[in-house]
Amino acid sequence: MRAHHRLYLPLLLILFLCTCVSAQEKMMKKDGSLSRELNMDMAQTSMHTVRMGGKTIPYSATIGVQPVYDDKNEVVAGLHYTYYQRTGVDDPNRPLLISFNGGPGSGSVWMHLAYTGPRVLNIDEEGFPVQPYGVSENPYTVLDVADIVYVNPVNTGFSRMVEGADRSQFFGVNQDVTYLADWLSNFVSRNNRWRSPKFLIGESYGTTRVSGLALELQERRWMYLNGVILVSPTDIGIERNGIVKAANRLPYFTAAAWYHKQLPADLQTKDLVDILPEAETFAQNELLPALARGMSLTDAEKMAVAEKAARLSGLSKQEWLDNNLMPATSYFWKHLLRGEDRGNFTVGRLDSRYTGIDGMASGDRPDYNSELTSWLHSFTPAINYYLREELGFKTDLQYNMFGPVHPWDRSGDETGPNLRKAMAMNPYLNVMIQSGYFDGATNYYDAKYNLWHLDPSGRMKDRLSFKGYYSGHMMYLRREDLKNANEHVREFIKGSLPGGKSAKY
């Protein structure tokens, strides 16, 4: 090692330690006690390692708060973030992955501590809570190929508004995109990442957010992306209500019924991916046209559709008839396992592998979301332990798993069409969708529908891809899917780097 490198490393370590102490002091009162007031501009850094594929990868973890400015350049909020950088590499072109969760109102905890980051919470192989709560190394993190920043929008995580700030500037589809684009531009500038290929990943409502950000960053901040990853996407402003939405539920019903062994024997003995094409073809070519015809269907035609739907759903033919061939997802969650022979359980909304127990077997919807209560078991202790103890973020503020952001202005949602426009304007920009087959809230077939209608012309279809997994909304909770999904993200990032190719058609 050269002499100036030997001098540089101790100085760097001292700088990191001083930064941590300085930042920690800012979160305390003058008497040394902790405060519930958020310092709107601070950061602290610590050094860590993670084992991946038999190798030890060193990285820095910076946890901090960066201000949000209004159009008068006044600070109106502070966004809490965690930023991971692989150390020991000197590459100004190293990719940057920017991660958002959804809600709206959800903190970044979910993908941070269970998907792409260097630490993963303690759960079993299928994603169920395990005590003692905590975290361990994530051997599948994508930190080997990209640096990652997890961002908490206003009122999520430790992010907070300035007292008296106007709520209307934050809490809406377009407001959210506008202030976050400005914040991201500042983050990239502060951290010298303008040369880096940039990728956005969003989950659930976060897919609405990152779809809108793709165009907003290009048109207002002149920041062009290389990729957008949509995890369990919402409708992103793409119309699919009414009978389309009703028909699109059927393949999800098939998947959940298969998991709980409620399909006929000839289907149940097959692998899920081998029976889903039959469900998708029926939904598209028979169920949707039947719903369009309404009362013009003959009794015999209606009966034939109900029989096929029953075969593919785990619900009875009579249930399909009683619901005018359009049983709601809430009805499905309540009734799929209804009956003593089936256990009289409900199934989860966001992940139908999870089951719950209601006060009464009858009714139109479950008493509670069995999957969400299970997740809060493990995520809440883990994120608080990890940020406060391992990363040393000292504050009396509550970490908002779900923060106060409602009412949310959903008007003018053109995020899907805006993503298409961003792709058309930017030949480098690719999009990947990831969905769990057992997600009943943002089901995988709706996600495919989004993909088909994101670019109806089909002229950019080679830049659009879909990946499905044997789990639910947070497909990465299942260990095998954690490995596979991260590998798909890794391949997507590598495959979206231009490699010297010009940005032109």
Side-chain angles (χ1 to χ4, degrees), residues 79 95-104 108 111 116 146-151 153 172-189 193-238 410 412-435 442 447 450-457 459-467 488-489 492-493 495-498 503-505:
L79 297 196
L96 175 66
L97 180 63
I98 302 163
S99 181
F100 291 98
N101 272 101
S108 68
M111 290 199 292
T116 52
D147 297 332
I148 316 168
V149 58
Y150 298 90
V151 185
V173 173
N174 295 308
Q175 300 93 315
D176 181 71
V177 165
T178 298
Y179 87 79
L180 285 173
D182 182 59
W183 189 93
L184 286 175
S185 179
N186 289 339
F187 179 86
V188 166
S189 293
R193 299 309 299 255
W194 276 101
R195 286 184 289 176
S196 300
K198 299 168 190 67
F199 295 82
L200 299 181
I201 183 170
E203 179 181 67
S204 195
Y205 183 83
T207 61
T208 299
R209 177 174 287 135
V210 299
S211 295
L213 277 169
L215 185 63
E216 181 73 14
L217 286 169
Q218 283 186 190
E219 291 197 327
R220 307 296 181 193
R221 306 295 163 186
W222 308 286
M223 184 186 296
Y224 286 71
L225 305 173
N226 287 74
V228 173
I229 302 168
L230 307 178
V231 179
S232 304
T234 62
D235 58 16
I236 58 174
I238 295 173
R410 295 183 181 271
D413 183 357
E414 294 290 329
T415 52
N418 287 348
L419 177 56
R420 188 214 65 80
K421 184 178 179 182
M423 291 182 68
M425 295 168 62
N426 178 5
Y428 283 154
L429 179 54
N430 298 323
V431 173
M432 178 173 69
I433 289 180
Q434 297 181 301
S435 288
T442 59
N450 280 355
L451 196 69
W452 301 331
H453 292 271
L454 190 59
D455 175 34
S457 74
R459 298 182 68 185
M460 297 187 292
K461 63 183 179 182
D462 60 328
R463 292 156 59 195
L464 296 163
S465 58
F466 174 88
K467 303 292 184 182
H488 291 150
V489 171
F492 178 77
I493 290 173
S496 298
L497 300 177
K504 64 180 181 178
Y505 291 114

>> If the condition is salt bridge (Lys or Arg N to Asp or Glu O under 4.0 Å), which residues does Arg209 pass it with, not counting sequence neighbours?
In response: Asp176
> Within the side chain of Ser185, is there an N or O that forms a donor-acceptor pair under 3.5 Å with the backbone of Ala181?
Replying inline: no
> Quick one: does Asn226's side chain have a donor or acceptor within less than 3.5 Å of a partner on Ile493's backbone?
Replying inline: no
> Got a sec, which residues hit salt bridge (Lys or Arg N to Asp or Glu O under 4.0 Å) with Arg220, two or more places apart in sequence or on another chain?
Replying inline: none
> Any donor-acceptor pair under 3.5 Å linking the side chain of Asn174 with the backbone of Gly412?
Replying inline: yes
> Name the one of Val188, Leu184, Asp182, Asn186 that satisfies side chain to side chain contact (heavy atoms under 4.5 Å, CB included) with Arg221?
Replying inline: Asp182
> Is Leu79 close to Leu180 at the side-chain level, that is, under 4.5 Å between some pair of heavy atoms?
Replying inline: yes
>> Taking salt bridge (Lys or Arg N to Asp or Glu O under 4.0 Å) as the definition, give me every residue that meets it alongside Asp235, ordered by chain and number, with sequence neighbours left out.
In response: none
>> Just to verify, what does Phe187 make a ring-ring contact (aromatic ring centres under 6.0 Å, His included) with, not counting sequence neighbours?
In response: Tyr81, Tyr83, Trp183
With a 3.5 Å cut-off and sequence neighbours excluded, list the donor-acceptor pairs that the side chains of residues 196-206 form with protein atoms.
unit_1: Ser196; atom_1: OG; unit_2: Arg94; atom_2: O; d: 3.1
unit_1: Ser196; atom_1: OG; unit_2: Arg193; atom_2: NE; d: 2.8
unit_1: Ser196; atom_1: OG; unit_2: Arg193; atom_2: NH2; d: 3.2
unit_1: Lys198; atom_1: NZ; unit_2: Arg193; atom_2: O; d: 3.2
unit_1: Lys198; atom_1: NZ; unit_2: Trp194; atom_2: O; d: 2.9
unit_1: Lys198; atom_1: NZ; unit_2: Ser196; atom_2: O; d: 2.8
unit_1: Glu203; atom_1: OE1; unit_2: Asn101; atom_2: ND2; d: 2.6
unit_1: Glu203; atom_1: OE1; unit_2: Tyr476; atom_2: OH; d: 3.1
unit_1: Glu203; atom_1: OE2; unit_2: Tyr476; atom_2: OH; d: 2.7
unit_1: Ser204; atom_1: OG; unit_2: His473; atom_2: NE2; d: 3.1
unit_1: Tyr205; atom_1: OH; unit_2: Trp408; atom_2: NE1; d: 2.9

> Is it true that a side-chain atom of Asp455 and a backbone atom of Arg459 form a donor plus acceptor pair closer than 3.5 Å?
Replying inline: yes
> Lys461: what forms a salt bridge (Lys or Arg N to Asp or Glu O under 4.0 Å) with it, not counting sequence neighbours?
Replying inline: none
